Amino acid sequence: MDSIGVLMPVPMSPYLEQELEKRFNLLKLWTVPQKTQFLKDHSGSIRAVVGNAGNGADAELIETLPKLEIVASFSVGIDKVDLNKCREKGIRVTNTPDVLTDDVADLAIGLALAVLRRLCESDRYVRSGQWKKGDYKLTTKFTGKTVGILGLGRIGKAVAKRAEAFSCPISYHSRTEKPELKYKYYPCVVELASNCDILVVVCALTEETRHIINREVIDALGPKGVLINIGRGPHVDEPELVSALLEGRLGGAGLDVYENEPEVPEQLFELENVVLLPHVGSDTVQTDTAMADLVIGNLEAHFSNKPLLTPVV
């Protein structure tokens, strides 16, 4: 398989790069200055693209690569892959579900705790020497808070399971009600936000869910509510979120994703009721390795004419 061209648009996992180089002819697009010419020169040999949550394969790239057979995404989210174009051209698509579920769900709970208990601000309080001048202020209890989950898929269910360990009542909104689950279902997001203390966003990004967290939803969550976004940045109308936090219409936010990464609204930097992470939901050594192995397994299966491990298209 070492003659098969595999295009990687941006740097991802060093382990993934290393393992791909052992098996394929890995082409690292970010290392070349003339990307358009590079793609043209190698268009006859590139049969696979390895993307991630931020860089996949849009229609333009797909049209540039006439020999492309498979897009293997180093992520669960595939909103950066033009699925319709892939279907049209018979290009297979895979992602990396399940293996990152625990890490992302863990982080959702960590963000909720960090916002309510002011963990980051408390850390700064100690480091700056302010503790010597007096105790830190009282914060807010997490146990027993009502947790609303937007998107009750694999990760959403894992978040619910963890929140239940803190005696948190669970409610949710998703495309369809899941009657086999005991959680309270709300048919619209505004109603869900009106009836929870913490709203966790973990649904897939589609045209329907883009800016699903708008001013109406934020105001429904209210000045004591907390928004946790571990889904995708564009789920949230970011200017509306910023204004709600600055005006006190929203109680707090824990964010791992943003609308224009790596750009983050600077107005949030000084707010103690906001915790900001650099999109690290699945970034542990263990999950990085498992995701990389799944990408490689899908590529090897495809080029060996075997069933894909995690097919999307």
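Given the structure is predicted, the values throughout are model-derived calculations rather than measurements.
- Crowding of Glu247 atom CD: a count of heavy atoms from other residues, nucleotides or ligands under 6.0 Å exceeding 12.
- Scanning both residues, Cys196 and Gly148, for their nearest heavy atoms gives CB-N, 3.6 Å.
- The hydrophobic clustering, which links ILVMFWY residues whose side-chain heavy atoms are closer than 4.5 Å, places Leu107 and Leu116 together.
- Expressed to the nearest 0.5 Å, how far CD1 of Ile230 lies from CG of Leu277 amounts to 11.0 Å.
- The environment of Lys85 atom NZ is dense: over 12 non-hydrogen atoms of other residues, nucleotides or ligands sit within 6.0 angstrom.
- Tyr172 has its ring centre less than 6.0 Å from the ring centre of Tyr185.
- In this structure, Ala108 and Ile228 approach most closely via the heavy-atom pair O-CG2, 4.1 Å.
- No side-chain heavy atom of Pro278 sits less than 4.5 Å from a side-chain heavy atom of Pro262.
- With hydrogens and angles disregarded, no donor-acceptor distance shorter than 3.5 Å links the side chain of Lys22 to the backbone of Gln18.
- Heavy-atom minimum distance, Ile198 versus Ala112: CD1-CB, 4.4 Å.
- Without hydrogens or angle criteria, Thr96 side chain to Ser75 main chain gives a donor-acceptor distance under 3.5 Å.
- One hydrophobic cluster, built from ILVMFWY side chains closer than 4.5 Å, cannot hold both Val201 and Val226; they sit in different ones.
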Please step through side-chain contact (heavy atoms from CB on, under 4.5 Å) for the pair Asn55 and Lys80, ending with a clear verdict.
-> CA-CA 6 Å; Asn55 290 269; Lys80 296 298 183 180; over 6 Å; no

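- Closest heavy-atom contact between Ser122 and Arg117: OG-O, 4.0 Å.
- Between Lys28 and Glu21, at least one side-chain nitrogen of the basic residue sits less than 4.0 Å from a carboxylate oxygen of the acidic one, meeting the salt-bridge criterion.
- Hydrophobic cluster of Val93: the remaining members, joined at side-chain heavy-atom separations below 4.5 Å, are Leu7, Leu27, Leu29, Val32, Phe38, Leu39, Ile46, Val49, Leu61, Ile62, Leu65, Leu68, Val71, Ile78, Val81, Leu83, Ile91, Val312, Val313, listed by chain and number.
- With sequence neighbours left out, Tyr15 forms a side chain to side chain donor-acceptor pair (under 3.5 Å) with Asp293.
- Donor-acceptor pairing under 3.5 Å is lacking for the side chains of Glu88 and Asn84.
- Counted within 6.0 Å of NZ on Lys184, heavy atoms from surrounding residues, nucleotides or ligands total 12 or fewer; the atom is thus considered open.
- Taking the side chain as every heavy atom from C-beta outward, Val189 and Asn214 never approach each other to under 4.5 Å.
- Put simply, the side chain of Ile155 reaches to within 4.5 Å of the side chain of Leu100, judged on heavy atoms.
- Rounding to the nearest 0.5 angstrom, the gap separating the OG atom in Ser3 from the CG atom in Asn25 is 8.0 Å.
- A heavy-atom distance below 4.5 Å is found between the side chains of Tyr136 and Arg118.
- Across all their heavy atoms, Ala253 and Val115 have their closest contact at O-CG2, 3.4 Å.
- Distance check, rounded to the nearest 0.5 Å: CD of Gln34 to OG1 of Thr36 gives 8.0 Å.
- Counting only distance, with no hydrogens or angles, the side chain of Asn195 and the backbone of Glu191 share a donor-acceptor pair below 3.5 Å.
- For the pair His173 and Pro187, the minimum side-chain heavy-atom distance is 4.5 Å or more.
- Applying the salt bridge (Lys or Arg N to Asp or Glu O under 4.0 Å) test to every pair with at least one member in residues 154-167, sequence neighbours left out, gives these pairs: Asp98-Arg154, Asp102-Arg162, Asp106-Arg162, Glu164-Lys182.
- When hydrophobic clusters are built by joining Ile, Leu, Val, Met, Phe, Trp and Tyr residues whose side-chain heavy atoms come closer than 4.5 Å, directly or via intermediates, Leu181 is grouped together with Val200.
- There is no path of hydrophobic side-chain contacts, each under 4.5 Å, that joins Tyr183 to Tyr186.
- Leu111 and Leu276 fall into different hydrophobic clusters, where Ile, Leu, Val, Met, Phe, Trp and Tyr side chains are chained together by heavy-atom contacts under 4.5 Å.
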Let me see the working for Trp30 and Met8 under side-chain contact (heavy atoms from CB on, under 4.5 Å), right down to the final yes or no.
-> CA-CA 8 Å; Trp30 73 92; Met8 184 178 281; 3.7 Å; yes

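- A distance of 8.5 Å separates CD of Glu216 from OG of Ser194, quoted to the nearest 0.5 Å.
- Judged purely by atom type and a 3.5 angstrom limit, Glu272 has no side-chain atom pairing as donor or acceptor with the backbone of Glu121.
- For Thr284, the side chain to side chain donor-acceptor pair (under 3.5 Å) partners two or more places apart in sequence, or in a different chain, are Asp103, Thr287.
- Note that SG of Cys203 is 3.5 Å distant from NE2 of His235, once rounded to the nearest 0.5 Å.
- For residues 220-231, no residue pair satisfies the side-chain hydrogen bond (donor to acceptor under 3.5 Å, both in side chains) rule, not counting sequence neighbours.
- Using a 4.0 Å cut-off between a side-chain N of Lys or Arg and a carboxylate O of Asp or Glu, Glu63 and Lys89 qualify as a salt bridge.
- At least one donor-acceptor pair closer than 3.5 Å links the side chain of Thr206 to the backbone N or O of Thr209.
- Side-chain contact annotation: His211 with Glu240, donor-acceptor N/O pair under 3.5 Å absent.
- Side chain of Asn273 to backbone of Gly251: a donor-acceptor contact under 3.5 angstrom is found.
- Val217 places a side-chain heavy atom less than 4.5 Å from the side chain of Leu199.
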Where do Arg92 and Leu308 land on the side-chain contact (heavy atoms from CB on, under 4.5 Å) test, with the steps shown first?
-> CA-CA 9 Å; Arg92 305 303 306 273; Leu308 298 178; 3.4 Å; yes

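- Side chains of Thr310 and Asn298: a donor on one and an acceptor on the other come within 3.5 Å.
- Among Asp2, Ile4, Val6, Leu16, the single residue meeting the side-chain contact (heavy atoms from CB on, under 4.5 Å) criterion with Leu26 is Val6.
- Using a 4.5 Å heavy-atom threshold, the side chains of Leu299 and Ile70 count as touching.
- Side-chain contact check for Met291 versus Ser13: every heavy-atom pair is 4.5 Å or farther apart.
- Tyr258 approaches Leu255 most closely through the heavy-atom pair OH-O, 2.9 Å.
- Interatomic distance, Phe166 CZ to Phe142 CZ, rounded to the nearest 0.5 Å: 5.5 Å.
- Listed by first and then second residue, the salt bridge (Lys or Arg N to Asp or Glu O under 4.0 Å) pairs involving residues 197-209 are Glu207-Arg210 (not counting sequence neighbours).
- Of the N and O atoms on the side chains of Ser243 and Arg249, at least one donor lies less than 3.5 Å from an acceptor on the other residue.
- Counted within 6.0 Å of CZ on Arg175, heavy atoms from surrounding residues, nucleotides or ligands total 12 or fewer; the atom is thus considered open.
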Would Arg232 and His279 count as a side-chain contact (heavy atoms from CB on, under 4.5 Å) if you check the C-alpha gap in whole Å, the side-chain angles of each, and the deciding distance to 0.1 Å?
-> CA-CA 9 Å; Arg232 289 285 180 270; His279 201 156; 4.2 Å; yes

